[in-house]
Amino acid sequence: METMGFLGPARGGRRDQARAAPVPSDRDVAGLTLKTAEAMQMETMGFLNPDRLNALVLFLFFCTLVLVFISLARRGGRLYIRKIAGLNAIDEAVGRATELGKKVLYPPGIMSLDENQTIASLAVLGHVARMTARYNTELDVPNKDPLTFAAARETVKEAYMAEGRPDLYNDRLVHYVTYDQFAYTASVTGIMVREKPAANFLIGSFYAESLLLAEMGQSTGAIQIAGTAEIAQLPFFVCSCDYTLIGEELYAAGAYLSREPAQLGSIKGQDITKAAVGVYIITATILLLLGSGFLRRLLTIE
Amino acid sequence: MNLLGIWIASFLTLCIFSFLYKDNPFFRFAESLFAGVSLGYYIGQEADQTIRPNLIEPLRTNFAGNWDLLIPALIGVNLYTRYIPKANWWARWSLAIYVGYYVGVNMVQKLHGEVLPQMQSTVVPLSLSAGPMGLLNNLILIAGVLSVLIYFFFSLEHKGAVGLTSRVGIWFLMLGFGAAFGYTVMGRVSLLIGRLNYLITQWAMGTVDALGRLL
Amino acid sequence: MEWLNRLMALDRRWIFLLVAIGTALPIIFPIGFKVSVTPPAKALFDRIEQMGPDDVVLLSFDYGPSTAPENDPMADAVLRHCFSKRVKVVLLSLFPIGGVTMADQSLARVLRDFPDIRRGIDYAHLGYKSGSQATMKQMGEDIHRVFPTDRYGMALSEVPLLQRVRTYDDMKLVVSFATGIIGEWWANLINAQFHIPVAVGCTAVSAPKYYAYLQSGQMVGLLGGLKGASEYERLVIDRYPIVEAAYTRAGLYTAIKGMDAQTIIHTLILLFIIMANVAFFAGRGRAAQAKR
Amino acid sequence: MRFLRLQLPLLLTALAGLIPISAFFISENATRVVWMKDRLEKYMIIIASFAILLGVVNVVQSNIRKIERRQKGWPYGAFLLAGLLGMAFCGIMGAARIGPFQGIGYTPDGGRTPFQYGAEFMFSPLQATMFSLLAFFMASAAFRAFRARNVEATILLVAAGLVMLGRIPFGEMILGGHPFLARLTDWMMDWPNAAAQRGIMIGAALGAASLSLRVIVGIERSFLGVEKSE
């Protein structure tokens with residue numbers, strides 16, 4: 001993960017991976033001749049890639065469940081969603097900034113829109129921006145990725161419109177800093193020590209800068225709510241922030257905050273899939289114990 | 001030229017380190033310069049490594065075969081319509097295409113590349129063939145994965161058995177986080193060693209060397 | 001009990017100062033904590049030790065400046081080992097951001113102590129080539145086609161050493177000094193297809209991943225982070241006096257010095273943690289008493 | 001109008017999302033689909049490159065405003081612009097191969113292009129130094145956070161402490177040369193830590209996939225700024 005931590009995001013992450021060749025499969029190693037033979041065989045086998053049938057089954061299973069629960073929720077089925085402490089604390093954090101007359105700082109991660117965590121972060125940003133609009137609290141959204149910057153501007157603008165406060169919105173709320181991970185970190189820590197925001201939201205995809213931002217924010221006494229699915233960075237957020245959204249909690253945050261039935265329904269569908277995954281693991285383990293590796297083999301990816 | 005460069009680099013290094021004491025004009029200078037230089041750096045990188053080989057060169061050498069590359073160029077240019085008051089919502093189209101594409105890529109990648117293999121490596125033999133320790137390890141692995149998954153259940157109240165299991169899940173998370181924290185300290189310390197070593201050997205000793213040669 | 005409160009609220013700048021001193025001191029005054037050698041490092045050492053002056057080793061520099069403090073010492077140590085043993089070396093880089101500079105610099109550092117090692121005869125430097133995976137595979141067919149000229153602009157056919165090196169079959173070992181995925185490709189792609197033994201020197205953070213390749217036999221040796229590098233330095237120093245002289249030169253950065261700093265910082269952090277907890281519990285005890 | 005403003009973006013998102021999904025499941029000899037996916041991948045890289053200027057425009061605008069109005073700290077805005085323009089100029093001239101600007105790396109004879117000079121003596125050291133600050137913050141975070149406040153914090157603390165001890169020769173010294181701590185470290189990384197990571201990963205992957213689906217069907221649209229009321 002070291003490259004991802006340092007060079008990856010600095011050079012634009014996924015786009016670089018896209019440029020590099022994908023991780024090789026056995027077929028690649030076997031060489032071209034095999035490939036053509038197999039291609040001929042596949043032509044007779046039809047339209048679908050036989051290597052990915054297991055993924056297709058999972059995909060269809062997952063989509064069906066999520067979509068079914070979305071439509072059930074829309075028809076008015078009541079859904080229970082457990083409390084997520086980090087998200088309930090958002091009100092408290094923005095409230096404190098309002099009381100103290102200080103700003104709310106929201107760096108939406110350092111990755112582009114090609115990363116789902118960024119999309120998830122923007123959903124939370126929409127909620128936070130509506131609150132700052134409602135209470136007339138200053139909001140500051142510094143950006144590292146230019147596309148995220150463009151989208152964050154739309155998100156915040158729409159939040160201020162929705163709250164009926166277009167007068168409070170201006171383009172300076174969301175601004176661009178630089179494309180380098182650590183130059184961005186230097187600027188954001190600069191904002192933290194100079195302007196002493198009362199609440200810092202570190203939600204999205206963060207890499208090595210996570211600890212720098214979180215520790216610096218901690219030293220200025222801000223309430224900090226962090227959230228990421230970058231496993232390597234979670235320990236630092238957990239140590240230095242008041243609340244941390246871990247992995248899946250980040251992705252669910254937008255739905256949780258929106259309280260829209262459709263969004264909550266998707267979370268229910270996701271939960272059922274998770275249960276199915278657990279049951280599958282247990283069943284496959286028992287079968288393996290009885291001497292059949294069949295269910296385990298089904299999970300093999302080419 | 002080289003020694004001058006090393007002096008510049010060392011000065012900037014010290015400017016950044018000064019922030020550890022407190023915010024000061026030197027750090028602010030380095031911070032601003034860094035923001036500017038890095039942005040300029042990526043403009044250069046993108047121009048030379050992306051725009052040139054992926055857009056300009058293909059269009060120049062074989063326009064007929066690559067004319068379609070003008071489409072993304074147009075989508076890219078469309079991002080700037082935000083500055084035209086009447087068309088300031090056109091940019092949405094570009095964002096929609098970009099987000100849509102990657103959301104699709106991520107969806108299959110996550111299900112195929114993460115869920116399936118992680119499930120598979122959790123299905124481990126619970127037999128004594130690998131010795132009692134091997135069995136214990138495998139049990140720990142399965143228990144850990146399942147309890148963490150239970151922690152992530154959103155639509156169940158965390159009470160009773162579910163609450164207990166999810167608590168165990170949190171313990172697993174904390175153990176993992178602690179271990180990972182301790183493990184990372186090492187790599188980070190070597191970064192600092194690298195910087196201090198630069199200051200000591202390249203800058204201090206390099207300057208002494210150069211002075212010696214001069215005299 | 002005032003000191004307890006003060007300790008709990010210790011200004012972190014004191015911690016910063018101690019960390020700075022703890023890191024800088026060993027660079028200037030090496031301590032030389034004893035390093036125990038692990039089997040994966042010894043395996044790589046033994047393999048090169050068994051080679052003779054006719055054998056060729058390929059060193060791939062697959063890292064950049066960001067992890068140089070970890071990767072540099074391993075590259076230097078392996079290079080010194082090969083040169084002491086007169087094993088022939090071919091260098092190249094597949095890492096786009098600064099990899100080839102790493103190779104240049106490592107070579108320059110090591111050559112200072114080996115005045116009789118000749119370019120083109122004892123070693124060859126191919127330079128950088130993009131396309132990592134594809135390049136690696138093409139090299140299995142013909143290195144001369146992938147690299148028409150060497151780092152210094154000379155045609156490969158005119159470099160004496162390379163006249164007899166055309167594919168992986170002409171080499172005995174690949175050592176990749178890697179920060180990211182390229183090291184894994186050597187192990188799971190090139191080793192699988194061309195059967196040339198592979199060893200990797202990786203960063204501490206990625207070491208656990210490589211253990212899997214080691215266990216499955218796709219790799220013959222592993223140097224993990226600064227610790228692995230210091231082990232290799234120790235092995236080479238103990239075996240070759242000429243290298244020992246090189247390593248005692250003032251101002252040279254070595255993994256052994258790095259490990260000193262590492263040890264001091266880890267100990268320091270552990271002491272901080274213990275102090276903080278003692279103060280925390282003492283404080284809590286008093287609070288409980290006050291309540292009663 | 002309403003279609004262009006609201007429905008078209010949602011439609012484009014869904015369409016763009018379905019292409020890589022179907023390409024993924026369709027066999028590789030359906031060359032058309034694969035070609036289209038490869039082509040789209042290239043497109044995205046180009047689109048993203050165009051976006052960087054969007055950020056540059058914003059940075060230049062706001063700093064010029066700062067300097068013009070002599071706002072607090074305006075000289076820093078000037079430094080920023082100087083760095084930006086200087087580096088960008090060398091880079092663009094290098095990409096176009098004009099005059100002494102032959103590329104952005106080293107020249108064939110081993111010298112540095114102006115861009116490389118800036119990268120090597122300003123950009124890289126600044127980056128590496130910021131990165132190295134982590135060593136300091138690791139120490140201060142450990143000091144503050146690792147206190148045995150409750151069960152969870154204690155587990156965190158003990159795991160971190162043991163691993164740190166297991167990674168240095170000192171740990172072995174305490175145990176009289178026995179590599180127990182090093183082995184314990186490896187065990188913790190290989191088993192409990194792997195289990196935790198795997199659990200997070202499976203959960204997060206499902207969460208991400210669910211988010212993807214919400215975006216594709218148009219339920220989640222904050223990133224577009226499309227009004228909920230529209």
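To find a chain, count down the sequence lines: A is the first, B the second, and so on, and within it residues start at 1. As the structure is a computational prediction, the values presented were derived from the model and not from experiment.
- For B/S190, no part lies near chain D; criterion is any non-hydrogen pair under 4.5 Å.
- The shortest distance between side-chain heavy atoms of B/F17 and D/L133 falls below 4.5 Å.
- D/R198 has no carboxylate O lying under 4.0 Å from a charged side-chain N of B/E114, or vice versa, which leaves the two without a salt bridge.
- Here D/V56 is the residue among D/V56, D/L81, D/L165 with the most heavy-atom pairs under 4.5 Å with chain B.
- With contacts defined as side-chain heavy-atom distances shorter than 4.5 Å, the pair B/Y41/D/F115 qualifies.
- In this structure, chain D has no heavy atom under 4.5 Å from any part of B/N78.
- Counting heavy-atom pairs closer than 4.5 Å to chain D, the top residue among B/I56, B/I75, B/L175 is B/L175.
- With a 4.5 Å cut-off on non-hydrogen atoms, B/N88 does not touch chain D at all.
- Between D/T154 and B/M174 the shortest side-chain heavy-atom distance does not fall below 4.5 Å.
- The shortest distance between side-chain heavy atoms of B/Y183 and D/M188 does not fall below 4.5 Å.
- Distance check, rounded to the nearest 0.5 Å: CG of B/L39 to CE of D/M87 gives 11.0 Å.
- In this structure the side chain of D/L206 reaches within 4.5 angstrom of the side chain of B/V115, judged on heavy atoms.
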**Request:** In sequence, state the C-alpha distance, the side-chain angles, and the governing distance for B/Y101 and D/Y43, and then conclude on ring pair (Phe, Tyr, Trp, His ring centres under 6.0 Å).
**Result:** CA-CA 11 Å; B/Y101 177 79; D/Y43 287 4; 9.4 Å; no
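- For the 3.5 Å distance criterion, the side chains of D/W191 and B/N138 fail to qualify, holding no donor opposite an acceptor.
- Side-chain atoms of B/L55 and D/F50, non-hydrogen and from C-beta on, do get closer than 4.5 Å to each other.
- For chain D, the nearby part of B/L111 is the side chain; its heavy atoms alone come within less than 4.5 Å.
- Side-chain contact between B/F177 and D/Q197: absent, with no pair of heavy atoms (C-beta onward) separated by less than 4.5 Å.
- Residue contact with chain D, scored on non-hydrogen atoms closer than 4.5 Å, involves the side chain of B/W89 exclusively.
- B/V103 pairs in a side-chain contact (heavy atoms from CB on, under 4.5 Å) with only one of the listed residues (D/I21, D/L213, D/V215), which is D/V215.
- Interface residue D/F123: backbone and side-chain heavy atoms are both found under 4.5 Å from chain B.
- Within the 4.5 angstrom heavy-atom criterion, only side-chain atoms of B/Y83, from C-beta onward, approach chain D.
- In terms of heavy-atom pairs under 4.5 angstrom with chain D, the leader among B/S121, B/G44, B/A30 is B/S121.
- Residue D/V158: no heavy atom, backbone or side chain, is found under 4.5 Å from chain B.
- Considering only heavy atoms from C-beta on, B/F172 stays 4.5 Å or farther from D/I155 through its side chain.
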